[in-house]
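In what follows, a single structure is set out as structure tokens and then discussed.
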There are 2 protein chains.
Amino acid sequence: MARVTSFDVARRAGVSQPTVSRALRDLRGTSAATRARVRAAARELGYVPLQSGRVLSTRLSRRVGIVTGELSNPFYPGLLEPMIAALHQRGYLPVLIPDDDLDALNPEPLMDGSLDGVILTTAHRGSAVPGELARRGVPCVLVNRETGERNADVSVAANDEGARQAARFLVRLGHTRIGFIGGLAETTTSSLREAAFAGELRRLGRDLPSRLVAGGPYSLGHGRAGFARLMSGRPAPTAIFCANDILALGAMEEACHRRVAVPGEVSIIGFDDMPLSALTSVGLTTISVDLAEMGRAAVHLLLTRIARPGLPARREVHATWLTPRGTHAPPRPGS
Amino acid sequence: MARVTSFDVARRAGVSQPTVSRALRDLRGTSAATRARVRAAARELGYVPLQSGRVLSTRLSRRVGIVTGELSNPFYPGLLEPMIAALHQRGYLPVLIPDDDLDALNPEPLMDGSLDGVILTTAHRGSAVPGELARRGVPCVLVNRETGERNADVSVAANDEGARQAARFLVRLGHTRIGFIGGLAETTTSSLREAAFAGELRRLGRDLPSRLVAGGPYSLGHGRAGFARLMSGRPAPTAIFCANDILALGAMEEACHRRVAVPGEVSIIGFDDMPLSALTSVGLTTISVDLAEMGRAAVHLLLTRIARPGLPARREVHATWLTPRGTHAPPRPGS
DNA sequence: GTGAAAGCGCTAACAT
DNA sequence: ATGTTAGCGCTTTCAC
């Protein structure tokens, strides 16, 4: 069961081996007749070119690495699906490199020549990987989170404006005791959202005291814990803005667990509008971003960078808007 | 910015190129001293071995293909996450090959030597791919769905027993007009579940008339459509068993849309217990399978097959159980 | 323990 | 339009 090589096809078609290579790729400089004979021979033998041979010689793999958080966080499937579809459509296959934000990411697979480029979804302040990839000439795009440096291609949400929209919305509803549950402090999705949220509250004559701020890694569990902490202070907040939908979902879980009515006793607002949040049974009021667009933009940035490595770095910032669903209300009178 | 090769490292360390290869892989037959010198030189130069060179020579890529449905169907993240984690832990990276059940899957990337093995999550009756991979000696495992043939490694749920558990549960609750929303007819997850469900109902003195059976591809939309069709018949069913949780979620969406109370007017039961279904805001009563275990088992089957290709085919069937949550109730009196 | 030489299967450059 | 030759970077065999 030895592998069928282009030599086998060549022998069968009565041509030389490079002719097989040319014919199957439809390069000009092969007659229609030979092309047909080669194709026939290849089909008969079930010939499939070996990818490693091709990559070794061309340095092109048509694979793109996607460094991603755990898929059990439904944000990632929501972001990845459009990227995968866009890549697939352009003839690229995604290689998933798991990164849990805790263990250091092993960058070797990103630089071993097996990928034409890399999309990072889990960057944060101080990430060494983007710089290292740049130094080695591996095309790289940051999506959703960035490092703070301004020298990479990024596709991100308007984190500051989104957070301000949340602040204005809650204040307009009449809330005064407003809390915040953040994510990992090193991520731009958490720090930018928190800073802009606090700033806008201040501008509107409210404040965000530290006893009403919780945070931790982005997970259901930390959403629960944050909610528990915030709600056990006295007086408790009447509204909570969460740095993303996962945290908001965790907060809702904990609210349900503690029999705190949402939005009766406390309003909860998320950020991202991942697909799950729109289910009627979830119905999370949130700051929306077009995640599909953000993902596709990242793919597009990467593919153009692969094609023209010299281009200056580009930033795509995606607009946000408030999507009111079922988890907000004015504060209960007298609370 | 030419690439650093093992020759560069060799020159710097004052040894021959193969010695570099041996030293970095800690092969016996290299002195500790040389090993140290080589390692130092490699680090200084930032040497990373080129994967295509290595693969060409060893035919081992440490990549595994996962043919998967769209990640926007939350079942797939639930199944993939444990597989990805298990693979990563064993030093393998997953390459995702999207398959939407409609367009024919292009099998070339599965057979171009770039993958040590393949896990198929979207097989169905008549799938040509597993046979083709077998013929070419590419290790392959089916997970969740199978083809019907008995000659491949598979990791699946106890579809028949699970469906019987659902039937017994609904009958015990007192339901008599019971409906079924199936998935793609060609999939074992739909056909086996439907057959066992109908059989068990019959055994218990109920029947499953075709006007109470709907079906289509596995999607939220088809769950909604199925629910709409079933509930517009007169008299309407008081309980519906869905071939999986996505369909059940779709049914719940449509129920909400039509202001049909769940479980007040109609009970809804799913199958799979994907992580999402356990959220309190969803609270779907369902037939559970340990998806994480099913995924890990698939990885384990694949890795042992890669190690010992000669082994006879194995089947791992994962137990199911009923997980009562919030979407079931006895039929309303007089309905 | 280490070096020299060969070979994995492909594409690219150069002849003709 | 096609054949010949070389080379991509690694691992492996065989000498010594």
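Remember, predicted model here, so these are calculated numbers, not experimental data.
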Closest to the side chain of A:R22, out of D:dG3, C:dC8, C:dA4, is D:dG3

Nearest to side-chain heavy atoms of A:S6, which nucleotide of C:dC10, C:dT2, D:dT4: C:dC10

To the nearest 10 degrees, the angle between the two end axes of the helix from C:dG1-D:dC16 to C:dT16-D:dA1 (five pairs per end) comes to 40°

Which of these nucleotides, D:dT2, D:dG3, C:dC10, is closest to any side-chain atom of A:V15? D:dG3

Which listed nucleotide (C:dC10, C:dG3, D:dG9) is nearest to the side chain of B:T19? C:dG3

Measure from the side-chain N and O atoms of A:S191 to the backbone N and O of A:T187, and report whether any donor-acceptor pair falls under 3.5 Å. yes

Would B:R63 and A:D112 count as a salt bridge (charged side-chain N to carboxylate O under 4.0 Å, His left out) here? Give the steps. CA-CA 13 Å; B:R63 302 271 186 279; A:D112 64 7; 3.6 Å; yes

At less than 4.0 Å, is any side-chain N or O atom of A:S21 found next to OP1 or OP2 of C:dT11? Yes or no. yes

Earlier contact from the 5' end, DNA chain C, for B:S57 and B:S31: B:S31

The side chain of A:T58 lies closest to which of these nucleotides: D:dT2, C:dT11, C:dC10? C:dT11

Any side-chain donor paired with an acceptor under 3.5 Å for A:D116 and A:S61? yes

Quick check against the 3.5 Å criterion: does B:D8 have a side-chain atom that pairs as donor or acceptor with the backbone of B:T5? yes

Which residue lies more 5' along DNA chain D, comparing A:G53 with A:A32 via nearest heavy atoms: A:A32

Of the listed D:dG9, C:dT11, D:dT4, the closest approach to the B:R3 side chain comes from D:dG9

Compare the minimum distances between each of D:dT12, D:dC10, C:dT2 and the side chain of B:T34, then state the nucleotide with the smallest one. C:dT2

Side-chain N or O of B:R25 versus OP1/OP2 of D:dT11: is the shortest distance under 4.0 Å? yes

